Asks: 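Sharing a structure, written as structure tokens. Questions coming.
Note that the structure is predicted; figures quoted are calculated from it, not measured. Only this structure's heavy atoms are used, side chains among them; waters, hydrogens and symmetry mates stay out. Proteins come first, then strands; the chains are lettered A, B, ... in the order of their sequence lines, and each starts at number 1.
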There are 2 protein chains.
Amino acid sequence: MKQKPTLKLIAKELDVSVSTVSKALRDSKEIGKETKEKVKAFAKLYNYRPNNIALSLKNRKTQTLGVIIPEIVHHFFTTVISGIESYANEHGYNVIVGLSNESFKKEVINLDTLANGSIDGFIMSVAKETLSIGDYHHLHETIDQGIPIVMFDRVLDNMDCDKVIVDDVRTSQQAVQKLIGNGSKNIGIISTKDYVSVGRLRTEGYLKALEKNQKDVNLSYILKIHDEFSSEDNLEALEDQISDFLSKNKDLDAIFAVNELYAVTAMKVARKLGLDIPHDMQVIGFTDGVLSKHAYPPLTTVSQNGFEMGRTAARLLINRLEKDREEIERFETVIVDTDIIERETTHKSK
Amino acid sequence: MKQKPTLKLIAKELDVSVSTVSKALRDSKEIGKETKEKVKAFAKLYNYRPNNIALSLKNRKTQTLGVIIPEIVHHFFTTVISGIESYANEHGYNVIVGLSNESFKKEVINLDTLANGSIDGFIMSVAKETLSIGDYHHLHETIDQGIPIVMFDRVLDNMDCDKVIVDDVRTSQQAVQKLIGNGSKNIGIISTKDYVSVGRLRTEGYLKALEKNQKDVNLSYILKIHDEFSSEDNLEALEDQISDFLSKNKDLDAIFAVNELYAVTAMKVARKLGLDIPHDMQVIGFTDGVLSKHAYPPLTTVSQNGFEMGRTAARLLINRLEKDREEIERFETVIVDTDIIERETTHKSK
DNA sequence: TGTCAACACGAAAACGTTTGCGGTTCTTCG
DNA sequence: CGAAGAACCGCAAACGTTTTCGTGTTGACA
């Protein structure tokens, strides 16, 4: 096991000073041609690489992005990470991930332990519990310390940071409009509680679509799922709520669900109730993941373009990081495009 | 924007030396009660936290694990990461992820950039391309440098490192045995090319099961999917190969697939061919993910317990990291248990 | 009053870099 | 031949810690 070579080691071996070695390797013109070559050859031979930690300390930059997400076993979040990683790597940054598991406390801890020099900036999506209790002191504090944050998907309005979102209202409106265009009369929505911004906004889009088409709002057509924490864990609870909902509203002929899990679960329940999809009931989901693609029947869904969101978030963050201290640029909120991917849970548009 | 306080700053403010501050905060008995209290109060007030990077440099430990996986948009890998993160966090470690995208080159780069001081050890699953070309110099080199690696799932036999795997042969044999027990006569397998160890081993288990039951091996019942890279991307290719396979082997009445994507794709194709599942054809997959759970019908599958694998891998790595240099312990290969989760693509066992 | 231990604290080195500045040596020109 | 200027290189500080060792001040005790 050979130890990693350091400048000091090379210096001693070659009988020059540490600074000479450093300068030689960085091709400084202060150093003579011969010495340079000697040093470079030696460095190559021993496969020298500068120690990242030392560099970080010196430069007060770690070239590392902290990504904090509610859960990682989730297609949308992983595509976002993919995007972040892709852009970050292209620009010489690494990515360190923290999982909040939708818990406020874990989110705080994660922010705290990473903010102590380990990372240059954060990219995050806020935990449900945090949204629910509305305590954002940890976010304000890290921003106060000069560590920039970029929020995506689940963002906070009054936060001094860049944001990456989709136009939830407009997109949802389009999705519901599509259902209406396809002839659906009674459209239900399966959403989240209102403190989850995306749930609130998508519901808003749903309402707007109804309004635009002069349709009355039937409050019993609106289901707001109660799930504080990770959703994969309490599937039965989810199924029960949806089952209840569908049984009580037999006249529904279309469902708009604010995520794909709700959508496929709704389909499963509907099937148990003897409904044929899309004949008896059309379904559109939100978030295009594996579930939608491989569901039976394949689910028509709104694609959020997670990869693009990730790349955008990374771009915003890195841009800000590499700005000079005083180019205090205003914070930006970029809206990434969505697409409706038509599969087989809606009627074909002509 | 307040700057992060450092020892130096506190020292100056309180008119004591840096070392005094450091000792006071660590409750050294060298420091007087009064001074201690003064320092601690001040530190608390200004929310002092030691700088991680400085600590890393001093201790030559980063308290960070590098995780390198082929792709992150993949349920199995994310559950493993979840497990790693869970154990790592409990023990004061952070996790930094690198994606190889199944590419040899990216794997090398990732290893290289992280090995320069950023992390204390690696947990990884080898990229398909790496397996296919069989070049492992980068792995040997990092191990040579004293950076321990723990491999999981896709592991290499002759590598000096800890490993975490499932008993692929035995598990697959059990799965196929179940199919046989349920009355299937002609069982096909959808696997990967042999250089992917899990594919090879699971095929071996399949063959063993046939042998144990004195059934002849029909080579045309064995499909080895050709997909060098990320599998989600070329779904059509996958579908074509499977479609071909099923059409040529009309007498198949059961399928064992080495991952869930192959399994659900096979179901989709079978349905197109007019087969009813499980009546005309039983299916068992490997790797219990969202797909299996939400497939139609819900897929009977072998659960690899990714979370457990992750925790185990992290445990092995951290154990080794915290061992004294000279407790040269032999490398360990731990086999985590699997379960067959019966859902609706197989007949109910009585 | 002199001695010694206990106590409280500071100086400095170390981790591995980069970089401004200062110091040699050698060339070259007046 | 003397001096100016290249050309080449080393010193030391800095990033933020921890820790060893040393030092000065007290107090107790003989």
Side-chain angles (χ1 to χ4, degrees), chain A residues 3-40 42-43 46-64 92 113 115-120 145-147, chain B residues 3-40 42-43 46-64 92 113 115-120 145-147:
Chain A
Q3 263 309 325
K4 274 203 93 51
T6 66
L7 289 187
K8 196 194 285 190
L9 191 143
I10 301 185
K12 196 198 295 184
E13 214 69 25
L14 259 42
D15 210 40
V16 293
S17 81
V18 170
S19 31
T20 302
V21 178
S22 173
K23 288 172 185 166
L25 290 176
R26 327 194 89 244
D27 230 359
S28 156
K29 56 191 163 203
E30 283 184 54
I31 305 298
K33 191 154 167 276
E34 238 176 288
T35 324
K36 265 191 205 172
E37 279 168 3
K38 189 175 60 174
V39 170
K40 283 185 183 170
F42 194 91
Y46 283 87
N47 194 30
Y48 168 81
R49 297 292 153 83
N51 180 305
N52 256 328
I53 297 293
L55 283 179
S56 296
L57 185 58
K58 181 132 214 353
N59 303 331
R60 279 110 138 275
K61 297 211 170 184
T62 59
Q63 300 284 112
T64 304
T113 72
N116 292 276
S118 303
I119 54 93
D120 295 338
Q145 285 179 11
I147 302 178
Chain B
Q3 263 310 324
K4 274 202 91 56
T6 66
L7 289 187
K8 196 194 285 189
L9 191 142
I10 300 185
K12 195 198 294 184
E13 215 69 25
L14 259 42
D15 210 43
V16 292
S17 81
V18 172
S19 29
T20 302
V21 179
S22 173
K23 288 173 189 165
L25 290 176
R26 326 195 90 243
D27 229 0
S28 156
K29 56 187 163 211
E30 281 186 56
I31 304 298
K33 191 155 166 279
E34 240 177 286
T35 324
K36 265 192 206 172
E37 279 167 5
K38 189 176 59 174
V39 171
K40 282 185 183 170
F42 193 91
Y46 283 86
N47 195 28
Y48 168 81
R49 297 292 151 84
N51 180 305
N52 256 328
I53 298 292
L55 283 178
S56 296
L57 185 58
K58 182 129 211 1
N59 303 330
R60 279 107 139 275
K61 296 212 169 182
T62 59
Q63 300 285 109
T64 304
T113 71
N116 293 177
S118 303
I119 53 95
D120 295 337
Q145 284 180 12
I147 302 178

Asks: Hey, are the side chains of A/Tyr46 and A/Leu9 touching, using non-hydrogen atoms and a 4.5 Å cut-off?
Replies: no
Asks: What's the NZ-C1' distance between B/Lys4 and D/dG16, to the nearest Å?
Replies: 12 Å
Asks: Does a side-chain N or O of A/Arg26 approach OP1 or OP2 of C/dT17 to a distance below 4.0 Å, or not?
Replies: no
Asks: Please report, rounded to the nearest Å, how far the P atom of D/dC15 is from the CG atom of A/Asn51.
Replies: 18 Å
Asks: Are the side chains of B/Leu25 and B/Leu7 in touch, meaning some heavy atoms are under 4.5 Å apart?
Replies: yes
Asks: Please examine the side chains of B/Leu14 and B/Thr35, heavy atoms only from C-beta on, and report whether any two atoms are closer than 4.5 Å.
Replies: no
Asks: Closer than 3.5 angstrom, by distance alone: can the side chain of A/Thr62 be matched with the main-chain N or O of A/Ser56 as a donor-acceptor pair?
Replies: no
Asks: Indicate yes or no for a side-chain donor-acceptor contact from A/Asn51 to the backbone of A/Ile53 under 3.5 Å, with no hydrogens or angles considered.
Replies: yes
Asks: Measure the angle between the two terminal helix axes of the helix from C/dT1-D/dA30 to C/dG30-D/dC1, five base pairs each, and quote it to 10°.
Replies: 80°
Asks: What integer distance in Å separates B/Leu7:CG from D/dC15:P?
Replies: 12 Å
Asks: Roughly how many Å is it from CG in B/Leu9 to C1' in D/dG16, rounded to a whole number?
Replies: 12 Å
Asks: With heavy atoms under 4.0 Å as the rule, sort B/Thr6 into base, sugar-phosphate or nothing.
Replies: sugar-phosphate
Asks: Surrounding CG of A/Asp27 (heavy atoms of other residues, nucleotides or ligands, distance under 6.0 Å), is the total greater than 12?
Replies: yes
Asks: To the nearest Å, how far apart are A/Ile53 CD1 and D/dC15 C1'?
Replies: 13 Å
Asks: Whole Å only: how far is the NZ atom of B/Lys61 from the C1' atom of D/dT17?
Replies: 17 Å
Asks: Regarding A/Leu55, tell me which of base, sugar-phosphate or nothing describes its non-hydrogen contacts under 4.0 Å with the strands shown.
Replies: sugar-phosphate
Asks: Is it true that a side-chain atom of A/Ser22 and a backbone atom of A/Val18 form a donor plus acceptor pair closer than 3.5 Å?
Replies: no
Asks: Send over the distance from B/Arg60 CZ to D/dT19 P, rounded to a whole Å.
Replies: 14 Å
Asks: What string of B, S and - do you get for nucleotides 5-14 of chain C, 5' to 3', when a contact is any protein heavy atom under 4.0 Å?
Replies: ---BBBBB-B
Asks: Distance from A/Arg49 atom CZ to B/Gln145 atom CD, nearest 0.5 Å?
Replies: 8.5 Å
Asks: Respond yes when some side-chain nitrogen or oxygen of B/Arg49 is under 4.0 Å from OP1 or OP2 of D/dG16, and no when none is.
Replies: no
Asks: Keeping the roles fixed (side chain from B/Lys36, backbone from B/Ser28), state whether a donor-acceptor pair exists under 3.5 Å.
Replies: yes
Asks: A/Ile10 has an atom CD1; how far is it from atom C1' of C/dT17, in whole Å?
Replies: 12 Å
